[in-house]
Amino acid sequence: MTDTQTDGPYRTPGVRAADGLTPHGERPRPRPRRVDHLALLESHAIFVLREVAAESEHPVLLFSGGKDSAVLLHLAVKAFRPAGLPFPVMHVDTGHNFPEVIKFRDERVSQLGERLIVASVQDSIDRGRVPDPGQNASRNRLQTTTLLDAIAEHSFDACFGGARRDEDKARAKERVLSFRDTFGQWDPKRQRPELWHLYQGRVQPGEHVRAFPLSDWTELDIWQYIRREGIGLPDIYFAHRRLVVERDGMLLAVCDWVAPAPGEAVREETVRFRTVGDATCTGAVVSTARTVTQIIDEIAVSRVSERGATRADDRFSETAMEDRKREGYF
Amino acid sequence: MPRAGEIATDDTHDTGMDLLRFAAVGSVDDGKSTLIGRLLYDTRQLFDDQVAAVEAASARRGIGEVDLSFITDGLRAEREQGITIDVAYRYAATPRRKFVIADCPGHVQYTRNMATGASTADLALLVVDVVNGLREQTRRHACIAALLGVDQFVVCANKMDLVDWDEGAYREVTNDVRELAARLGVSSWQVIPVCALRGDNVVERSQAARFYEGPTVLEALEDAPAGAWASGHGTRSGAGARLPVQWVLRRPGGGRSYAGMVNGGALRAGDEVTVLPEGWRTTITGIETYDGPLDEAPAGISVSVDLADDLDVSRGDLLAVASDAPAVVKDLVATVCWFSDRPLRGGDRLRVKHTTRTTPARVSAVRGRLDVNRLQIDLATELANNEIGTVDLTTAVPLAVDPYRRDRITGSFVLIDEGTNATVAAGMVGEPHLAGDRAASSQALTASGSPA
């Protein structure tokens, strides 16, 4: 196998991307690779990307700058090089993102020479599409309106997302190609049968599908693949010193939108982020893992799930993810 | 079993892990979700917050003990009703292998979801309530799994505590399973007496079943051969290499490469191939991936191939090794599982999606309907929702098909409603697949290799 050790707290994102435009036959012949589970996951994801791109009129790849969408974008490059991607890349920007993530997003997409669409929650607020929840409130749920508006504006009929079934019990139920009606709703009781690899994404005007090529990947698979492929990430995934405030059992980064409330103490900790989302509802974990290998070792012994450790947006109710997905969330 | 933390080393997780995909099937309320929940709980696959959430959800509903079915029954409606509506996919790893688990619904109205879960499985974990024995729905699920090509069954005689671990009750289930497996052509099967609720013989060996010396459920799953689906993506009995063309990759500066996933056997540079349905012969001059060229692409791998001749090859075409190419047909006999409230009748117009090609098709006739209790095909002219039968199908353009029992990719298709775009049937190409053969209707149900 060709396991490239690409450790380091912060690799320059996408070192391999630059050579993606060369005809791939020109690179050196790799050693024969065993077909292990990562190779099969990769192959299946590429299959889904090609299948949906071929069968939809206006596909788009949703890219948050997080690790899963970084893997997804990397797989898209592998599926379609030496040509350009047959779809644009879109970020739904809550306006409360970590600056490191926005920087990574812009660098990565421009390095690939692909087209980036930014759908802004702030725009939705300014245009009166959604109420302004206030300076310090989470904009997580508002993303749904912004996303659905952007889908309508661009007539997207297929949206690739990096969601994984191991993230949440509602996602565990979702198809690889998940149908959305004209209101963007997911109806978990009426999912299309999805047999073998016969992904079927035909829709009427106004409807669309969400396509999840990483459905069968686990958090550990993602990190092992990042290591093997040398995929760059925003540096907030790696341990660093940061001012945090503890709230509802989570460590939130002190920033423009997260100010300590009366009685909350600010302290400096060595932390990293296990997921990346809106800064107001994404918690950090105490960690000293500064390399991909150290992260793999850390999550392998973790007793807390990825979202359980870090996401306030899943704590509203027992079925918070299902409820949001029914409304059209990612 | 080790804790999750003990299976953490790079050696065990990074590469070389083999993978078993299995589906939990069987009748409603026989305990599938509880069994999967117990399996995940006792092998410590669950994170602490997930366990706490299941405990809290159980307490909220006034359930005294932890309801293990909540581990996979994640939807609001499922928890309200205490049933499984759609497949839950869960992932587990032990030091010996990785598992992809499809926990399927048992209700007859959700048979389409069960078929979804079983279509990519290599092994069926068939759960039977020992009090009731094999029910019609148990037989339907076993039959669908076998038709889909699942040829290993691990059968759990569940709720053994309710019959005081009576050996006679266990033997009765075993005898029924033996007969069923023989009829379905399932060569590998075993019956394990369990109590999923308490965990007997799931991960921990039980002292209660003194008469039983076989493996626990986990041992059986770890010992089962990794199947063709997980490792070879569809290969069952040595069909030659095939590559359905998904996408034409155009190189800057000229030249085309044909992208798709290899199935059947391995594809090699230098292989002579036939382009179907056209029938053109050419040679593979190179197999490309983003990481560089390959001399050989095994089944299950996504690649693109370069051809010696400048041919008009496009999406929907199929490249096959010339020495063993599939048949090109417009009329075929197939077994279908029908998933629509509207019955399927002769003359119905639908779309068929087969490999990477979607084309209009007409059901020229419904020939027969499977009686899942007697495992016999009766003459019929229509199929109702969730019924299985044989049909004659005529397609608008020719398809390159293999019998399903040779190749799960080139032998399978789905039918799509032209008005709603819903997927309304799963189809398996029979053998012989050419329409007009009088024997075809009775043989079509042998798609899994079973002597129907």
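The chains referred to below are lettered A, B, ... by the order of the sequence lines, with proteins before strands, and numbering in each begins at 1.
- Take B:Ala259 and apply the side chain to side chain contact (heavy atoms under 4.5 Å, CB included) test, not counting sequence neighbours, and it matches A:Arg50, B:Trp247, B:Leu249, B:Ser304.
- One distance of note links CG of A:Leu195 with SG of B:Cys337; it measures 8.0 Å at 0.5 Å rounding.
- For the set A:Ala172, A:Pro188, A:Gly201, A:Ala79, the count of heavy-atom pairs under 4.5 angstrom toward chain B peaks at A:Ala172.
- Contact record, B:Gly300 with A:Ser43: O-OG, 2.6 Å, taken as the closest heavy-atom pair.
- Interface summary for chain B: among A:Asp323, A:Thr218, A:Leu198, the most heavy-atom pairs under 4.5 angstrom belong to A:Leu198.
- Nearest approach of B:Val414 to A:Trp196, heavy atoms of both residues: CG1-CZ3, 4.5 Å.
- Your options are B:Gly117, B:Ala422, B:Ser412, and the one with the most heavy-atom pairs under 4.5 Å with chain A is B:Ser412.
- Between chain B and the options A:Phe179, A:Trp223, A:Tyr199, the largest number of non-hydrogen pairs under 4.5 Å is found for A:Tyr199.
- Residue B:Val51 does not touch chain A at all, counting heavy-atom pairs closer than 4.5 Å.
- Your options are B:Val87, B:Ile85, B:Thr358, B:Thr356, and the one with the most heavy-atom pairs under 4.5 Å with chain A is B:Val87.
- In this structure, the separation between OG1 on B:Thr423 and CG on A:Leu177 is 9.5 Å, given to the nearest 0.5 Å.
- Between B:Asp291 and A:Arg228 there is no salt bridge, since no side-chain N of the basic residue sits under 4.0 Å from a carboxylate O of the acidic one.
- With hydrogens and angles ignored, the 3.5 Å screen pairs no side-chain donor or acceptor of B:Gln246 with any backbone N or O of A:Ala54.
- Counting heavy-atom pairs under 4.5 Å between each of B:Asn113, B:Ile416, B:Leu75 and chain A puts B:Leu75 at the top.
- The greatest number of non-hydrogen atom pairs below 4.5 Å with chain A, out of B:Arg90, B:Arg112, B:Arg76, B:His354, is found for B:Arg76.
- B:Tyr91 places none of its side-chain heavy atoms less than 4.5 Å from the side chain of A:Leu220.
- Under the 4.0 Å criterion applied to side-chain N and carboxylate O atoms, B:Lys353 and A:Glu51 are assigned as salt-bridge partners.
- The contact list for residues 207-216 of chain A toward chain B, using heavy atoms and a distance under 4.5 Å, reads A:Ser215, A:Asp216 by residue number.
- A salt bridge is absent between A:Lys169 and B:Glu78: the closest approach of a Lys/Arg side-chain nitrogen to an acidic carboxylate oxygen does not fall below 4.0 angstrom.
- Considering all non-hydrogen atoms of both residues, B:Gly419 and A:Gln204 come closest at O-NE2, 2.6 Å.
- To the nearest 0.5 angstrom, A:Asp166 atom CG is 11.5 Å from B:Gln45 atom CD.
- The structure places CZ of A:Arg202 at 8.0 Å from CD of B:Glu418, a figure rounded to the nearest 0.5 Å.
- Between chain A and the residues B:Gln50, B:Arg250, B:Arg351, the most heavy-atom pairs under 4.5 angstrom are made by B:Arg351.
- In this structure, no portion of A:Ala45 lies under 4.5 Å from any heavy atom of chain B.
- Residues that satisfy the side chain to side chain contact (heavy atoms under 4.5 Å, CB included) test with B:Arg268, not counting sequence neighbours, are B:Ala266, B:Asp271, B:Glu296.
- Tested against B:Asp86 for a salt bridge (charged side-chain N to carboxylate O under 4.0 Å, His left out), the candidates A:Arg175, A:Arg192, A:Lys173 yield a single pass: A:Arg175.
- Scored by the side chain to side chain contact (heavy atoms under 4.5 Å, CB included) test, B:Asp417 finds B:Arg342, B:Thr420, B:Val424 as partners (sequence neighbours excluded).
- Atom CZ of B:Arg408 sits about 10.0 Å away from atom NE2 of A:His197, to the nearest 0.5 Å.
- No side-chain donor-acceptor contact under 3.5 Å links B:Thr116 to the backbone of A:Pro193.
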